[in-house]
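Naming convention: chains lettered A, B, ... in sequence-line order (proteins, then strands); numbering from 1 in each chain. Given the structure is predicted, the values throughout are model-derived calculations rather than measurements. Basis for what follows: all heavy atoms, side chains included, without hydrogens, waters or symmetry-related copies.
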2 protein chains.
Amino acid sequence: MAVSERGPRERMVFSAAQLIRRDGVTATGMRDVVAHARAPRGSLQHYFPGGKEQLVNEAVEWAGRYAGKRVARFLGEMSEPSPSGLFAAMARQWIDEFQTAGFTGGCPVAAATVDCADSTESTRAAAAAAFDCWNRPVARALRDMGVPEQRAGSLATLMISALEGAILIARSEQDVRALTTVAGELGPFLDGWVSRV
Amino acid sequence: MAVSERGPRERMVFSAAQLIRRDGVTATGMRDVVAHARAPRGSLQHYFPGGKEQLVNEAVEWAGRYAGKRVARFLGEMSEPSPSGLFAAMARQWIDEFQTAGFTGGCPVAAATVDCADSTESTRAAAAAAFDCWNRPVARALRDMGVPEQRAGSLATLMISALEGAILIARSEQDVRALTTVAGELGPFLDGWVSRV
DNA sequence: CGCCGACTATGACAGTCGTCATAGTAGATT
DNA sequence: AATCTACTATGACGACTGTCATAGTCGGCG
């Protein structure tokens, strides 16, 4: 996806997310971000007086919101919503990207967690918030599909965990096998919790 | 666990793995590794003429072998082996570490994947091999417990995916919730594949 | 002894990092 | 026109990074 024609500030956050998910937080330099965003270098200290930490945190928050919105979009595209269908759609998004764009990038939230969880408190918190931004709509969707209230949150966590892990494995193997496997195995199990009328 | 009294070479690989899983590959410097391992700096170019890349790869390979061996150990400790019991043991290992040592470190293989999958081919391959070293004994164990042959490999991938994802979430949240949730939800499903006599 | 291989010590190098200081432009306001 | 604010430009700084060159130590073996 091309760099959208938003303001320089948004472009920098977006570019940061893209570079982070490809190379990790530490390996992503501020100069790389402005170059990728085709933004003026001088804007860095103007828009992000908090430095790299602020930019990374905003990129992580952006990724969390993006993932949450995607869930709503997947639901809108499904004629007959089901837990397995939702999970399949989430997995398929990654399968499609890996197959068309290659295995160059993973999940930026995972990257931020791996690189900053122990060194940068604010980024760790941003990652946790991003996972929550993602978990919440998934849990709500499951509930709306008939999954018992107290199960919905747990299954949402299971879905996101399995997906994140499969993304890691797929990227290391440069093969979408892990993603298709996880979607195929977990699907029926998820549907089992739906209270059929 | 304290630095074992092996030779300097082994200590450096071990220390590299520890630092990588805490700070990521890029943020882990060679000088940090020798300091952590209390090894002479001059030994770096002697034992690892391939530079950082070689050291990181060996650390990843070490982590893969370690994870594989742990599976065998878990099985030996269980009186009545079951898929859910094995998965619970794998999750509990992380729960225990997080609760006693804090959320300072994640999985070094995940860290290597996030940081190097797109930049360092050999490390990406090492990570894939490490996942395989881990997947294989899990799949074999499932088969020995009565899981159908063609399912065993898939379920092993699902288990490792879910565990890796839960580790990420737990570390970002600084809470073992994701790990207990995943273990609790996935357990019964895994046992469902056992062919009861 | 003399030598040789394994291992260690250490300073230097070229490069990159995030950050900052300073100056400059452009546009709107008064 | 003067001025103020928003934004941009750019060079410099000190602190790193991985790697290398060179020299040194030490034990065993001929």
A:Pro40 side-chain proximity, nearest of D:dT8, D:dT10, C:dC7:
D:dT8
Taking CE from B:Met30 and C1' from C:dG11, how many angstroms apart are they, rounded to a whole number?
19 Å
Heavy-atom count check: over 12 atoms from other residues, nucleotides or ligands less than 6.0 Å from A:Arg92 CZ?
no
Over all strands shown, is A:Thr28 touching base, sugar-phosphate only, or nothing at heavy-atom distances under 4.0 angstrom?
sugar-phosphate
Figure out the CZ/C1' separation between B:Arg9 and C:dT8, and round it to whole Å.
16 Å
Side-chain donor-acceptor pair under 3.5 Å between B:Glu53 and B:Thr120, yes or no?
no
Could you tell me the separation between the CD1 atom of A:Ile20 and the P atom of C:dG18, rounded to a whole number of Å?
11 Å
Give a yes or no on whether B:Arg70 atom CZ has more than 12 heavy-atom contacts from other residues, nucleotides or ligands under 6.0 Å away.
yes
Verify, without hydrogens or angle tests, whether A:Asp118 (side chain) and B:Arg22 (backbone) share a donor-acceptor contact under 3.5 angstrom.
no
Residue pairs meeting side-chain hydrogen bond (donor to acceptor under 3.5 Å, both in side chains), one or both in residues 41-52 of chain A, sequence neighbours left out, come to none
Whole-Å distance between D:dT25 P and B:His46 NE2?
18 Å
Measure the distance from CD on B:Gln45 to P on C:dA6 and round it to the nearest whole Å.
15 Å
For A:Gln93 and A:Glu97, test the side chains for any donor-to-acceptor distance below 3.5 angstrom and give the result as yes or no.
no
Selection from C:dT8, D:dA12, D:dT17 that lies nearest to any side-chain heavy atom of B:Ser43
C:dT8
Strictly distance-based, threshold 3.5 Å: is any side-chain N or O of A:Arg11 a donor or acceptor partner for the main-chain N or O of A:Ala37?
yes
Counting only non-hydrogen atoms, which of residues 51-62 of chain B are less than 4.0 Å from DNA chain C?
none
Polar side-chain contact A:Arg41-C:dT19 base: donor and acceptor under 3.5 Å:
yes
Taking everything shown except B:Arg140 itself, do over 12 heavy atoms lie less than 6.0 Å from its CZ?
no
Taking the side chain from B:Arg171 and the backbone from A:Val114, do they hold a donor-acceptor pair closer than 3.5 Å?
yes
In whole angstroms, how far is the P atom of D:dC16 from the CG atom of B:Asp32?
10 Å
Rounding to an integer number of Å, can you tell me how far A:Arg38 CZ sits from D:dT8 C1'?
18 Å
Would you mind reading off the distance between A:Leu44 atom CG and D:dA6 atom C1', rounded to a whole angstrom?
16 Å
Near DNA chain C, under 4.0 Å by heavy atom, which residues of residues 111-127 of chain B?
none
